[in-house]
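Since the structure comes first, as structure tokens, the remarks are kept for the end.
Within every chain, numbering begins at 1; the chains are lettered A, B, ... in the order of the sequence lines, protein sequences first and strands thereafter.
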2 protein chains.
Amino acid sequence: MTTSKQGRQPGSGRGQRVTIADIARRAGVTPAAVSLAVNGRPGVSDATRERIMTIAEELRWEPSPSARALAGAPVLTVGMVLARPAEVLGTEAFFGAFVAGLQEVLSRRDYSLQMKIVESTDAEIDTFRRWFAQRRVDGVVVVDLRQDDPRIPALEDLRLPALVVGGPGHHGALPAVYVDDAHATRLLVDHLAEQGHRRLARVAGDGELLHTLQRDRAFEERCAELGLAGVSQVAGFGTRGAEIAAAELLARPEPPTAIIFDSDEMALAGAHVLEQSGSRIPQDVAVASFEDSALTRTHRPPITAIGRSAIEYGRVAATRLLEVIETAGTRPSTPEAAAEEARAIEPVLVVRESTRADAVRPPASGDAPAAAG
Amino acid sequence: MTTSKQGRQPGSGRGQRVTIADIARRAGVTPAAVSLAVNGRPGVSDATRERIMTIAEELRWEPSPSARALAGAPVLTVGMVLARPAEVLGTEAFFGAFVAGLQEVLSRRDYSLQMKIVESTDAEIDTFRRWFAQRRVDGVVVVDLRQDDPRIPALEDLRLPALVVGGPGHHGALPAVYVDDAHATRLLVDHLAEQGHRRLARVAGDGELLHTLQRDRAFEERCAELGLAGVSQVAGFGTRGAEIAAAELLARPEPPTAIIFDSDEMALAGAHVLEQSGSRIPQDVAVASFEDSALTRTHRPPITAIGRSAIEYGRVAATRLLEVIETAGTRPSTPEAAAEEARAIEPVLVVRESTRADAVRPPASGDAPAAAG
DNA sequence: CTGAAAGCGCTTACAG
DNA sequence: CTGAAAGCGCTTACAG
């Protein structure tokens with residue numbers, strides 16, 4: 001019944017929440033002093049600060065994010081918009097891993113990730129505008145970079161801290177992290193050339209994505225440099241296109257002896273077409289993928305792929321975005337400085353049986369040591 | 001230079017943000033009237049309301065989530081804590097799909113999802129406490145339900161709206177959605193019995209998870225009912241345990257003719273062991289999985305599995321949680337009513353070649369029509 | 001180093 | 001139906 005009993009009554013705020021006013025009262029100082037103390041800012045003596053901190057802990061005080069944000073502090077939230085249906089995201093291994101990597105870094109720094117699924121790029125830009133107007137996020141991460149991406153100028157106008165995942169180039173005055181797809185392409189082409197292949201093919205996915213174009217260019221260039229015959233086929237999204245592309249390649253008068261697919265799903269779909277038409281992998285035709293995953297690892301034969309840890313990619317992106325947010329407004333930031341870009345992670349070639357010239361696959365077996373051909 | 005030019009000056013708030021004060025001034029009413037109007041609450045005439053709404057749109061006003069939250073409105077955020085390392089999350093297909101499903105529903109309702117990765121269950125409970133104290137989320141979704149899960153009583157104490165993903169049962173006074181694992185188990189056992197199998201085995205994953213126990217029990221019961229010999233092996237997390245379990249099962253004097261694995265990764269690992277030791281799938285031993293994914297679909301032979309759309313599961317969970325949040329505090333809510341549970345989605349048996357008694361696998365081919373054995 | 005005040009943008013009683 | 005005010009919990013100048 002008595003309301004003065006200390007410890008009975010958690011705090012004076014809404015729903016008995018503990019506020020800095022409670023701490024101030026106990027410590028015999030003003031709320032402003034508490035604010036300075038708990039934020040580690042100068043303005044209070046060490047003795048006072050320590051007393052305040054002790055009381056704050058005793059009372060299990062937690063700062064109110066809303067109040068802080070309203071008073072002008074960062075909201076400790078970063079945003080990511082995905083203009084792809086949930087169905088596509090859910091089946092893509094990259095998404096979950098990338099998000100997990102982002103989360104790991106953000107959680108540790110007490111930031112949270114806000115995600116939103118929208119229908120179109122326009123809706124995505126609109127979401128950025130609204131988030132900015134609402135002060136809902138401190139910054140955003142932009143994925144699925146395309147050529148002449150309309151999101152870039154929109155974000156430049158907004159002056160909302162943003163990190164582009166993709167590149168190099170094509171990210172305007174925004175900072176970016178990327179995986180070097182041209183380099184990855186060369187790793188694959190060089191490996192296949194070393195295995196003795198002279199006629200290579202590339203089956204490409206979504207032609208609008210920037211990295212698809214970069215792979216196209218690098219593929220042509222490297223084949224030319226090494227004096228190889230290289231053909232490209234655009235298959236579009238999904239596995240159906242990859243199946244058709246594989247069939248068409250096989251039907252050529254001089255079919256390629258090695259095929260590089262843009263994704264793991266495409267590689268598997270293509271491989272099945274090859275096997276059904278009687279081609280053995282890798283003896284008749286080698287198969288490689290730009291995307292590594294459990295699918296490529298567990299397929300028989302296991303498929304050579306570019307390993308670029310999506311988790312690590314997420315971690316690097318989160319780390320870089322936090323840097324961008326924290327230095328935002330610090331300098332006038334010349335476009336050149338702002339547009340700084342960093343390689344996120346090195347692509348690595350993971351060689352597996354699907355491209356080994358010396359591989360002999362024992363029937364009904366996978367990992368058994370292979371005798372040299 | 002003139003500051004009175006309408007349209008030149010976006011708003012009067014911090015960083016020229018448009019606030020309800022700007023709208024009020026233009027409409028010749030008080031901010032309170034604007035608040036009532038934009039929130040569709042009674043207290044303003046229809047004419048006034050319409051005028052206010054028009055101005056709000058013209059000015060492209062966006063409500064401030066922080067201000068709303070501080071004034072007591074919901075924060076429009078739900079939380080999810082994951083006590084698993086990013087590495088594990090990233091490689092699990094279920095995670096990305098479940099999150100995509102959650103997001104889809106939440107985004108549409110203007111809610112956002114806050115995620116946090118922590119190290120332990122204690123840290124998870126601590127996060128719930130802090131989120132509650134901070135008023136950071138309106139509710140939480142609890143995944144990876146275990147037996148005697150300490151999170152349940154902790155959340156009951158907190159009175160933070162929470163939805164348990166898992167069950168039936170074991171979720172205390174909290175509402176829950178679940179997939180009926182006992183039913184899924186019966187689907188698998190019945191199917192294998194129909195295919196003529198009399199000696200079944202089950203290779204189980206993490207023994208602490210509630211659904212593992214439920215599968216164990218249902219497996220034993222159903223085998224007994226049908227007069228089948230059923231053995232269970234606990235393999236633990238990861239693929240290594242599944243490989244060992246498969247090898248041990250094969251080495252038995254009377255080895256099983258059909259094996260059910262708890263996950264897709266385990267099924268694949270087990271299948272490879274079987275094939276390496278010379279067993280043909282499905283002729284010598286049938287293989288099935290509790291978890292469907294691209295792995296089971298693309299494996300040769302494709303593996304029979306329980307399909308339970310993780311995306312749909314996420315959608316159902318989000319929908320139910322929003323209901324819980326919206327009705328929170330409405331009634332005194334008897335424990336019985338609160339603890340209501342709902343089946344999230346029906347498990348479906350997806351029969352594939354790995355369990356078809358009549359399947360004859362053509363060499364080096366997958367989907368070709370099979371002649372009856 | 002400390003205190004008193006204003007303000008962030010909204011909502012919610014409480015009078016008229 | 002409308003207006004004026006207080007308050008949510010914090011931060012940030014601004015005086016002493």
Would you kindly give the [atom1]-to-[atom2] distance between [X] and [N], to the nearest whole Å?
{"X": "Asp46(A)", "N": "dC1(C)", "atom1": "CG", "atom2": "P", "answer": "8 Å"}
{"X": "Arg25(B)", "N": "dC10(C)", "atom1": "CZ", "atom2": "P", "answer": "12 Å"}
{"X": "Asn39(A)", "N": "dT11(D)", "atom1": "CG", "atom2": "P", "answer": "5 Å"}
{"X": "Trp61(A)", "N": "dT11(D)", "atom1": "CH2", "atom2": "C1'", "answer": "11 Å"}
{"X": "Leu70(B)", "N": "dA6(D)", "atom1": "CG", "atom2": "C1'", "answer": "13 Å"}
{"X": "Leu76(A)", "N": "dC10(D)", "atom1": "CG", "atom2": "P", "answer": "14 Å"}
{"X": "Arg135(B)", "N": "dC8(D)", "atom1": "CZ", "atom2": "P", "answer": "13 Å"}
{"X": "Glu62(B)", "N": "dG9(C)", "atom1": "CD", "atom2": "C1'", "answer": "14 Å"}

- Query: If you take all heavy atoms of Val137(A) and Val78(A), which pair is closest and at what distance?
  - Reply: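 That would be CG1-C, 4.1 Å.
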
- Item | ring-ring contact (aromatic ring centres under 6.0 Å, His included) involving Tyr111(B) - partner list, sequence neighbours excluded |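 Expected list: none.
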
- Message: Under the rule for ring-ring contact (aromatic ring centres under 6.0 Å, His included), what residues qualify as partners of Phe132(A), not counting sequence neighbours?
- Response: none

- Glu156(B) pairs by side chain to side chain contact (heavy atoms under 4.5 Å, CB included) with which of Leu160(B), Ile152(B), Leu158(B)?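 Exactly one candidate clears the test, Ile152(B).
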
Under 4.5 Å between any side-chain heavy atoms of [X] and [Y], yes or no?
{"X": "Leu76(B)", "Y": "Pro65(B)", "result": "no"}
{"X": "Arg130(A)", "Y": "Asp110(B)", "result": "yes"}
{"X": "Asp22(B)", "Y": "Thr19(B)", "result": "yes"}

Checking contacts here: which listed nucleotide ([options]) is nearest the side-chain heavy atoms of [X]?
{"X": "Thr30(A)", "options": "dG3(D), dC8(D), dG3(C)", "answer": "dG3(C)"}
{"X": "Thr19(B)", "options": "dC10(D), dT11(D), dC10(C)", "answer": "dC10(C)"}
{"X": "Val44(A)", "options": "dC8(D), dT2(C), dC10(C)", "answer": "dT2(C)"}

- Counting just side-chain N and O atoms, does Ser45(B) come under 4.0 Å of either OP1 or OP2 of dT2(D)? yes

- Give a yes/no on whether any side-chain N or O of Thr48(A) is located under 4.0 angstrom from OP1 or OP2 of dT2(C). yes

Show the atom names and distances, to 0.1 Å, of all donor-acceptor pairs under 3.5 Å that link a side chain in residues 37-46 of chain A to residues at least two apart or in another chain.
from: Asn39(A); atom 1: OD1; to: Arg68(A); atom 2: NH2; distance (Å): 3.1
from: Asn39(A); atom 1: ND2; to: Ser35(A); atom 2: O; distance (Å): 2.9
from: Ser45(A); atom 1: OG; to: Thr48(A); atom 2: N; distance (Å): 3.3
from: Ser45(A); atom 1: OG; to: Thr48(A); atom 2: OG1; distance (Å): 2.6

- Base, sugar-phosphate alone, or nothing: which one does Pro42(B) contact when heavy atoms must sit under 4.0 Å apart?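 No contact.
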
Show each protein N/O and nucleotides 12-16 of chain D N/O combination with a separation under 3.5 Å, one pair to a line.
from: dT12(D); atom 1: OP2; to: Arg41(A); atom 2: NH1; distance (Å): 2.6

- Qualifying residues under side-chain contact (heavy atoms from CB on, under 4.5 Å), relative to Ala318(A), sequence neighbours excluded: Leu102(A), Val105(A), Leu106(A)

- Item | Stem regions touching DNA chain D, defined by at least 3 consecutive Watson-Crick or wobble G-U pairs below 3.5 angstrom |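 Only these stems qualify: C:1-3 with D:14-16, C:5-12 with D:5-12, C:14-16 with D:1-3.
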
